[in-house]
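Note sheet for the following structure.
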Amino acid sequence: MTTTIRDIRPDDEAAWRVLWQGYTTFYGSDIPEQVTRHTWQRALDPAAPFGIRLAVFNEQVAGFSLYVLHEGSWVTTPVCYLEDLFVDPAVRGQGLGQALIEDLIHLAEQNNWSRLYWHTREGNPARALYDKFTQADDYVRYRLAIGTNT
Ligand SMILES: CC(C)(COP(=O)(O)OP(=O)(O)OC[C@H]1O[C@@H](n2cnc3c(N)ncnc32)[C@H](O)[C@@H]1OP(=O)(O)O)[C@@H](O)C(=O)NCCC(=O)NCCS
């Protein structure tokens, strides 16, 4: 049983789309095709502050993280936001989710990013995994949809 974490390649699109579908279904969202296409193309662009890392388990693409880099007013190097995390339900509980987060921590250390952070729903069972890394703080989120965007 081997797990490798790596950047996406163009030929990963079909496998990633299966996971993406699982993820958006998990959240009850129906993401328009044009948004999925845009997300994939942006993530492949090395100039975009945006990336997808894949967990390959026994040579199968089995999970992904999607991260966004942005500047911050309290730091001098990029901040990394972990926006999406998903593991194929068939292989959960075998350390892939943890490996995907550890991979981003390693990337942050290598690239001198200032911070890694993420949000989740209060009742998400994934918090048992997140609590292994750090304690949740007491910030809450306010979110306004602009125009027809979600
Ligand atoms: C969260 C997720 C990525 C974790 O992937 P995973 O490969 O199963 O995670 P790991 O095997 O590394 O870690 C599992 C640990 O996390 C906890 N955990 C994670 N997800 C859990 C779940 N759905 N139910 C119960 N426990 C869960 C367990 O405590 C487990 O710890 P243990 O092995 O010591 O018992 C996966 O459950 C998933 O894709 N969930 C649906 C999407 C989601 O919630 N994404 C995160 C959005 S913020």
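Every number for a ligand or one of its atoms is a count from 1 in the order of the listing. Since we're looking at a predicted model, the values are computed, not measured.
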Does F86, backbone or side chain, put an N or O under 3.5 Å from an N or O of ligand 1?
no
The single option from L107, V79, L104, T134 that satisfies side chain to side chain contact (heavy atoms under 4.5 Å, CB included) with L116 is L104
Among G97, G93, G22, which one has a heavy atom closest to atom 8 (O) of ligand 1?
G93
Among W20, F26, Y27, which residue meets the side chain to side chain contact (heavy atoms under 4.5 Å, CB included) test with T24?
W20
Among all protein heavy atoms in this structure, tell me which lies nearest to atom 11 (O) of ligand 1, with the distance rounded to 0.1 Å.
G95 N, 2.7 Å
Are any of the N/O atoms on L85, whether in the backbone or the side chain, positioned under 3.5 angstrom from an N/O atom of ligand 1?
yes
Atom 12 (O) of ligand 1: which protein heavy atom is closest, and how many Å away?
Q98 N, 2.7 Å
Go through the steps to decide whether E13 and R37 satisfy the test salt bridge (Lys or Arg N to Asp or Glu O under 4.0 Å), and finish with yes or no.
CA-CA 10 Å; E13 181 172 359; R37 197 180 319 122; over 6 Å; no
Please check: side-chain N/O of D12 versus main-chain N/O of R9, any donor-acceptor pairing under 3.5 Å?
yes
Could you see which bit of L100 sits under 4.0 Å from ligand 1, with heavy atoms only: side chain, backbone, both or neither?
neither
Counting heavy atoms not belonging to E102, are there more than 12 under 6.0 Å from its CD?
yes
Given E83, R92, K132, which one has a non-hydrogen atom that is nearest to atom 37 (O) of ligand 1?
R92
Shared ILVMFWY cluster between V18 and L54, side chains joined below 4.5 angstrom?
no
Ranked by distance from atom 39 (O) of ligand 1, the top protein heavy atom is V87 N, 2.9 Å
Nearest 0.5 Å, please: how far is CG in D7 from CZ in R53?
4.5 Å
F26 N/O to ligand 1 N/O under 3.5 Å:
no
Would you say atom 2 (C) of ligand 1 makes contact with the protein, given that contact here means a non-hydrogen protein atom less than 4.0 Å away?
no
Does W113 offer a backbone N or O that forms a donor-acceptor pair with the side chain of N111 under 3.5 Å?
no
Rounded to the nearest 0.5 angstrom, the CD1-CG distance for I52 and L100 is 12.0 Å
Ring centres of Y67 and Y81 under 6.0 Å apart?
no
For atom 13 (O) of ligand 1, grab the closest protein heavy atom and report residue, atom and distance to one decimal in Å.
L129 CD1, 3.7 Å
Are any of the N or O atoms of Y130 closer than 3.5 Å to those of ligand 1?
no
Using a strict 4.0 Å cut-off to heavy atoms of Q94, name the atoms of ligand 1 that fall inside it.
11 (O)
Among all protein heavy atoms in this structure, tell me which lies nearest to atom 47 (C) of ligand 1, with the distance rounded to 0.1 Å.
Y27 OH, 3.1 Å
Counting only nitrogen or oxygen atoms and a 3.5 angstrom limit, does T120 reach ligand 1?
no
Of all the atoms in ligand 1, which lie at a distance below 4.0 Å from a heavy atom belonging to A128?
17 (C), 29 (O)
Could you list which atoms of ligand 1 come closer than 4.0 Å to a heavy atom of H119?
48 (S)
Pull out every atom of ligand 1 sitting under 4.0 Å from any heavy atom of A126, numbered as shown with elements.
1 (C), 19 (C), 20 (N)
Nearest neighbour in protein (non-hydrogen) for atom 25 (C) of ligand 1
P125 CB, 3.7 Å
Parallel, tilted or perpendicular: which one describes the rings of Y23 and F64, with boundaries at 30° and 60°?
perpendicular
Of the protein's non-hydrogen atoms, which lies at the shortest distance from atom 44 (O) of ligand 1, and what is that distance?
N124 ND2, 3.0 Å
So which of L44, D45, L66 actually passes side chain to side chain contact (heavy atoms under 4.5 Å, CB included) with F50?
L66
Crowding at CD, Q34 (>12 non-hydrogen neighbours, <6.0 Å):
no
Indicate whether atom 31 (O) of ligand 1 is within a distance of less than 4.0 angstrom of some protein heavy atom.
yes
